Amino acid sequence: MSSLSKVYYSIHKSRLEKKKKLYKLAFNMAFDVTISIYLAAFLIFLVFIGLETLQAYQSYFIEIEVYLSNNMEVLILAGVGRMLFSSFSKPGIPYTSAEMKLTFLPYDNKNIWLLSLVMRVFKLISYGLLGLILLFLPLSPVFVLKILGLYLLIQLLLIVPQWYLFQIKSWKKISIVLLLTIVMSLIGFSSIYLSSSLLISILLVGLVLINYYLWRMRLTNIDWMRVVETNDLAVWNMFFINTMSEMKIKPEKKIGFLSQLFQSEKQKRSFPYQHSTIIYRHLWKSSLLKVKDKVFQGFGSILIIVPVLMIKEESLFVVGICLSIFLYSIVASSFFAAGFDEKLVHSLPWDMDIFKRAFLFWMYIIGGVYITFFGAISISVMGAHIETFLFIVLFSIAGIIILHRQINKQILKINRAYPKQMVLSYLYPIILFASIPLSIYYEFVTYLSLLLVVDLIKNKGKNSFGIVKKEI
Amino acid sequence: MTLSLEQVSVELAREKILSSISFRLEKGAIYALIGHNGAGKSTVMKTIMGWQEKKDGRILIDEVDQDRQFADFKRKLSYIPEEPFLLSELTAMQHFQLYGQSYHIEEAVLNERVKRYAEKFEIEDKLNEYPESLSKGMRQKVQTICALLPDVPVLLVDEPFMGLDIYAADYLEYLLLEKARKGTTILLTSHQLDRMRQLADYFIMLKHGRIDQQGLMKDFEGLSRRFYHE
C-alpha cells in the first residue's frame, strides 16, 4: 500500500504541475503586467463593493439564518437531491485513466479505488475549508460552522451512493430517483409534525445504513470505461485553457438513454433520398438534442423576459417582446453556427440553403411557442381586437425576418465570406423593431410596417433580408 | 485540377507547427506525405480541410481560394481521417446518404456505389447499424466508404490502412489507384512504406514542420533507410 500511495501521490503531483504549467502558459498569453495590475486592482475594488452590498442585504441573511437554523433537514434534502441529479453524469470518485493504468502494474484495484475515495474526501474537506469564506457574510459564525459541518458530513455520506447510482442502468436510476423524491417529499411534509433535530437524525442514520449496505457492492458491476472517460473529461476540461488554446475538449458522443428509447427500427431505416431536407433535419435534431440543456436555458430564459418586465410596468411588455425577438434570433443563430463544429459536418461540403431550411424547421417550432405565449400576453393586455391580431402578425413576421437575417450573417461567417452590407441592411432591423411598439399607439404604423414586410419578402431573393446574397 | 499550398504557416500556442510550406499537386497523381511522428503531416491535412487556422499563406484548388471561397473549395475535397468521426445518431447507410446528399450524388449512383463498396469491404450486413455497435475496423470502413463515394478532384487520405484488415487494405489500395487513374489527385500519409511505394508517384518529406525533401517516389527508395535511421 505504501508503494502504491507513493506512485499515486507522484501521479497527482505531476498532474498538478502539468496543470500549473498550462495555466501559466495561458495566463502569459492572456495577460501582460499592465493588464494584471489593472485586473488585480479591479478585483480588490470588486471585493469591497461586494462586502458593502452584502451588508445592505443583512436583513435577508438574518431571515435565511433563522429559517435554516430551524430547518436544517432542508440542507440534507437539497444535498441528496443534488447528488441524485449528479449521479446521471458524474461518478463522484475521481478514478481516471491514470488510476486505471495503475492496475496494469502489480497493484490491487481495490486499493487504487480506495485511494481515489480518499482523494475525494480530501477535496471535500478542502472545499469545506474554502467555505470558511462564508464567515465574511453577515451571518453568525456558529451558524456558518454548523452549516459547513453538516454540508461536509452529508457530502461524505453521499460519495458511495453517488458511485453506486452512476453505475446502474438509467431506467433503474430514474425509478430510484422517483422513489427517493417521493420519500423526500414525505419527509418534507412530516417536518410539520416532527422536530427538525429528529428528522436530521433519521436522515443521517438512513444515509449511514445506505452506505453500510452499498459498501459491499462498491466494486461489483462497475462500468470502468465510462467512469474513466467521465473523470478524464472532468479533470482535463479546463475552461480557461480551452478558451486560450481555442481547443474544445468534448466528451465522446454516445447515444443517451432518451435517444436509445427512440432508436426504433424505424429510426434505422434509410432516409427518403429525394426529400433532401429530411436527413438534415435529423442532423439538426441530433445536434440540438446534444446540447439540450443549453437549448432549454437559452430559449427558456427568453420566455421570462416579458413577464419580468411586466411586473415592473405592464406597458413594458412591448419592449420585452422586441428584446425577446432579438435574443431569439441571436440564440438561434448561435446554435446554427455551433452545429458546424461537428467534425463530420465540417468535413462535408455545405449546401447552406438545405442546412438553413432544415434548421428553420426546428426554430419555427420554437418560434411558434413564443408567438402563442406572447400572443396570449398581448391579448390579455390589449384586448381581443383586430389591431391586437395585426400586432401579433407584425411581431411574428418581424421575428422571422430578423431570424433569417441573423442566420444569413452566420452563413456568410461560416463560409468565410464577408461581403459589404448595404446601408439599408442596418436600417431594416431598426425600422422593424421601432415599428413594433409604435404600432400599438399609431395604427397606421402597423399597416406601413406590414407593407414593408411584404416588400422585404418579395425582394428576399435579391438581398436576402438586407445582406447581399453571395453564391455560397 | 491541382491542389497548391503557398507559404502556409501554422502556429499553436505560439509554437510553429508548419513553417512556410509550399507544394503543388498535379492532377491524377498520388503524393505520399512522409515524416516522423509530429513532423506536421496531420496538421497539413487539417489545415487543408479548414479545421486548423493558418497563420499565413494560401491554399488553392486550381483557382479556388480556401479563404475566399470556402464552400466551393470544400466541394472539391473529400477526406479519409486517421480516426473515424461518425455521428452516433446515424446508421452506416444514413451516413452514406448524408454524403450522397452533400455531394449531390444521384440516388441510383449512390446506391450502386454503396452496394459495391459495402460488398467489397464486407459490411453489407452492417448498413443499418449505429457506429457504436460496430468494431473500430468496421467504423474505419464506413468512414472510408463515405469519403470514397463522391467524385472529387482532391482526396486527402490520412493513415487509411490503420485498423483495416488485409483484404480491406488491399481493396482500398486498388480503389485509390483507380481514383487516381480517373483524375483524382490524392495526398496520402501512412507509415506503411511498402504500400506507399506501391501507391505513390511522388513524395513530400516533412521534418519539424518544414519540407525537407520532395521528388519522385522511386527516388525515395534510397532515402528511406536514412529517413528511418537518422
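Side chains included, hydrogens not; waters and symmetry mates left out as well; all remaining heavy atoms used. What you are looking at is a predicted structure, and each value in this text was computed from that prediction instead of being measured. Letters A, B, ... are given to chains in the order of the sequence lines, protein chains preceding strands, and every chain is numbered from 1.
Per-residue heavy-atom pair counts under 4.5 Å with chain A were compared for Y103(B), Y79(B), F96(B), F73(B), and the maximum is reached by Y103(B). The most heavy-atom pairs under 4.5 Å with chain A, out of H95(B), M93(B), Q101(B), come from Q101(B).
The number of heavy-atom neighbours closer than 6.0 Å to CG of N221(A), taken from other residues, nucleotides and ligands shown, is 12 or below. Taking a 6.0 Å sphere around NE2 of H104(B), one finds it holds more than 12 heavy atoms contributed by other residues, nucleotides or ligands. Sparse packing is recorded around NZ of K101(A), with 12 or fewer heavy atoms of other residues, nucleotides or ligands lying under 6.0 Å away. Open room surrounds NZ on K120(B); 12 or fewer heavy atoms of other groups in view lie less than 6.0 Å from it. For E17(A), the CD atom is densely surrounded, since the number of other residues' heavy atoms within 6.0 Å is greater than 12. Heavy atoms of other residues, nucleotides or ligands lying less than 6.0 angstrom from CZ of R210(B) number 12 at most. More than 12 heavy atoms of other shown residues, nucleotides or ligands fall within 6.0 angstrom of atom CZ in F88(A). No more than 12 heavy atoms of other residues, nucleotides or ligands sit less than 6.0 Å from atom OH of Y174(B).
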(message) Assess the residue pair S102(B) and F355(A) against the criterion (side chain to side chain contact (heavy atoms under 4.5 Å, CB included)); give the C-alpha distance rounded to whole Å, side-chain angles, the decisive distance to 0.1 Å, and a yes or no.
(response) CA-CA 10 Å; S102(B) 303; F355(A) 265 106; 5.6 Å; no
(request) Run the numbers on L98(B) and V345(A) for side chain to side chain contact (heavy atoms under 4.5 Å, CB included), then give the verdict. (result) CA-CA 9 Å; L98(B) 175 66; V345(A) 176; 5.8 Å; no
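Of all the heavy atoms in K343(A) and W51(B), the pair that sits closest is O-CZ2, 3.6 Å. Between S347(A) and F85(B), the shortest heavy-atom contact is OG-CE1, 3.7 Å. Smallest separation of non-hydrogen atoms from L90(B) and H282(A): CD2-CD2, 3.3 Å.
In this structure, chain A has heavy atoms under 4.5 Å from both the backbone and the side chain of I105(B). Contact annotation for E83(B): neither backbone nor side-chain heavy atoms come within less than 4.5 Å of a heavy atom of chain A. Only the side chain of L110(B) has a heavy atom closer than 4.5 Å to any heavy atom of chain A. At a 4.5 Å heavy-atom cutoff, the contact between T91(B) and chain A is made by side-chain atoms alone. Proximity to chain B (any heavy atom under 4.5 Å) is shown, for I354(A), by neither the backbone nor the side chain.
Under the 3.5 Å distance criterion, the side-chain polar atoms of K74(B) are left unmatched by any main-chain donor or acceptor of W350(A). In this structure a side-chain-to-backbone donor-acceptor pair under 3.5 Å is missing from Y99(B) to L348(A).
With rounding to the nearest 0.5 angstrom, the CD atom of E342(A) is 4.5 Å from the CG atom of L87(B).
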